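FYI, side chains are in, hydrogens and waters are out, and symmetry mates aren't considered; it's all heavy atoms of this structure. Keep in mind it's a predicted model, so treat the numbers as computed, not measured.
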Amino acid sequence: MSDMNPFKIAQQQLDEAAKKLGLDPATHELLRWPMREYHFTIPVKMDNGATRIFHGYRVQYNNARGPTKGGIRWHPDETIDTVRALAAWMTWKCAAVNIPLGGGKGGIVCNPKELSEGEKERLARGYIRAVGKELGVHRDVPAPDVYTTPQIMAWMMDEYETIVGHSHPGMITGKPLPLGGSEGRGDATARGGVYCVREAAKKLKIDAGKASYAIQGFGNAGQFAATLHKEILGGGKLVAVSDSRGGVICKNGIDAQAIVKYKLETGKVEGFPGTSPISNSDLLELDVDILYPSALEGVITSANANNIKAKISCELANGPTTPEADAILHNKGILVLPDFMANAGGVTVSYFEQVQNTYNYYWSLADVHQQLDRRMTDAFDAVYNTREKARVHMRLAAYMVAVTRVAEACKLRGWV
Ligand code: GLU
């Protein structure tokens, strides 16, 4: 059953950690549920003159450690349970990298590929009109996620500032640079993941610069991972890439920069010169050293986990592996770098963006990279050491680190 519903999966993962930690029943129950959530409709005037009603959500999962933080996803399959799960994972993510923020998430059920720029702008502004009064730098701070962009963040900030009547750039992150965005936010999710791969490769004594790697999902995180893997690890062979339309493989290696350019120009990876087609599911089972699941949740399940051959799975997507699959991968000796640690680079630089907005003083790219590296490396070390000490799989270790921190904040506040 947990193979099906992401929120049930998130609860099941927490239950496992609560048991291992001996968490008291009240704290456990509190952390199993969002503290509050909003469901709303967003009427949008479409280009053809008709009005369409979209459904939106914002879940504020837990704010014990600070204002809730997390992206807004635009996806045709969005449901309240996917948003709840993602908001829970944001709570653990911010705690894992030890930034003073809680967890939240938003979503709109829509297919952005079918919307014009004008329709997207009206939808973004409508979202803020519906829920903006619940947002703000001290309450809840959105950011980009699947199919949302810096431009969408700019429209949302503008709508918010128009409503409140003053400048308030820290109400949202992932903004374009001229509107108070941070240097280094664009590639931060992938960069943080590659820093984790670097640390994991040291532990496993893998020469990351010579390792082969494959990327499932070629949105923001996947595209940057393709090039950053080589840049940060000093080499490596990219053998396969896929997106929602299909994948491509070349055993001799794919030019990472060229395929990113091709994707940006054509909107797909299919047909990239010198490659043969491969399906998303076959890509996951390739015999590569490092796999980057970078698309959506629920792609590595009990049905295919036994066939996964990578030595390291670096989860740039949120929720790609089900609990049943986790156990299988662990027993096979595959080191999983769990989503809420491996992809925490995005929210970490979002946090830097908020800090810079508050100070109205902006850092250099080198400063951002250095601070991000420190946070990611510390998070990896804390999780890896817990794994060794408690003899558990990496995701459970990450949960133990994060849940301990959130539970402590709840206790100090006198909630439990
Ligand atoms: N949507 C990203 C995530 O899942 C970033 C969140 C943020 O920057 O607040 O981590």
Side-chain angles (χ1 to χ4, degrees), residues 34-38 40 56-74 83-84 86-108 124-125 127-146 148-164 166-177 179-182 184-186 188-189 192 220 318 340 343-360 362-363 368 371-372 375 406 409:
M35 295 184 78
R36 66 187 70 78
E37 59 189 38
Y38 305 93
F40 40 91
Y57 306 110
R58 185 75 192 166
V59 173
Q60 297 171 347
Y61 197 87
N62 185 289
N63 64 359
R65 288 173 47 88
T68 47
K69 182 85 190 81
I72 300 174
R73 204 161 80 140
W74 289 13
V83 183
R84 284 174 177 149
L86 290 158
W89 291 328
M90 283 309 303
T91 308
W92 316 133
K93 190 179 300 193
C94 293
V97 280
N98 213 359
I99 55 180
L101 295 168
K105 203 78 169 200
I108 301 180
R125 291 183 185 278
Y127 187 92
I128 295 300
R129 283 198 299 278
V131 76
K133 64 181 190 310
E134 314 301 341
L135 307 176
V137 68
H138 299 302
R139 301 183 72 175
D140 182 17
V141 182
D145 202 279
V146 172
T148 49
T149 58
Q151 175 61 72
I152 292 173
M153 301 304 109
W155 290 322
M156 289 184 165
M157 181 191 82
D158 183 68
E159 189 68 22
Y160 185 87
E161 291 187 344
T162 305
I163 293 169
V164 299
H166 55 82
S167 162
H168 197 115
M171 66 76 51
I172 202 160
T173 60
K175 300 180 291 290
L177 277 181
L179 295 184
S182 176
R185 177 63 184 82
T189 303
N220 171 290
N318 289 310
F340 70 78
N343 71 28
V347 74
T348 302
V349 177
S350 276
Y351 163 63
F352 299 158
E353 181 174 332
Q354 279 196 289
V355 170
Q356 295 168 78
N357 292 152
T358 301
Y359 274 82
N360 203 15
Y362 288 83
W363 307 356
V368 171
Q371 294 279 343
L372 176 63
R375 298 261 176 185
V406 177

For this session: Carefully, step by step, assess Arg58 and Leu135 under the rule side chain to side chain contact (heavy atoms under 4.5 Å, CB included).
Result: CA-CA 10 Å; Arg58 185 75 192 166; Leu135 307 176; 4.2 Å; yes
Compare all side-chain heavy atoms of [X] with those of [Y] and state whether any distance is below 4.5 angstrom.
X	Y	answer
Gln60	Met35	no
Phe352	Leu372	yes
Asn98	Arg65	yes
Lys175	Pro169	yes
Trp74	Ile152	yes

Exercise. For Lys105, which of Asp140, Asp145, Thr68 qualifies under side-chain hydrogen bond (donor to acceptor under 3.5 Å, both in side chains)?
Worked result: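 Filter result, single survivor: Asp145.
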Restricting to non-hydrogen atoms, name the atom on [X] and the atom on [Y] that form the minimum distance, rounded to 0.1 Å.
X	Y	result
Ala95	Val406	CB-CG2, 3.7 Å
Gly186	Asn220	O-ND2, 3.1 Å
Gly184	Val368	CA-CG1, 4.3 Å
Pro34	Val59	CB-CG1, 3.6 Å
Cys94	Gly102	SG-O, 3.5 Å
Asn357	Gly180	ND2-O, 2.9 Å

Give, for atom [atom1] of [X] and atom [atom2] of [Y], the distance between the pair rounded to the nearest 0.5 Å.
X	Y	atom1	atom2	result
Trp363	Gln371	CH2	CD	4.5 Å
Tyr127	Ile72	OH	CD1	4.0 Å
Met90	Asn62	CE	CG	12.5 Å
Gln354	Lys69	CD	NZ	5.5 Å
Asn360	Ser167	CG	OG	7.5 Å
Tyr160	His166	OH	NE2	7.0 Å

Exercise. Just checking, is any N or O donor in the side chain of Thr148 or Arg73 under 3.5 Å from an acceptor N or O on the other one?
Worked result: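 Their side chains do not contain a donor-acceptor pair, so the 3.5 Å distance test is not met.
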Exercise. Are the side chain of Asn63 and the backbone N or O of Arg139 linked by a donor-acceptor pair below 3.5 Å?
Worked result: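 Checked: no pair found.
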Applying side-chain hydrogen bond (donor to acceptor under 3.5 Å, both in side chains), can you list everything that pairs with [X], at least two apart in sequence or on another chain?
X	answer
Thr91	none
Arg84	Glu37, Asp81
Asn318	Lys93, Asn343

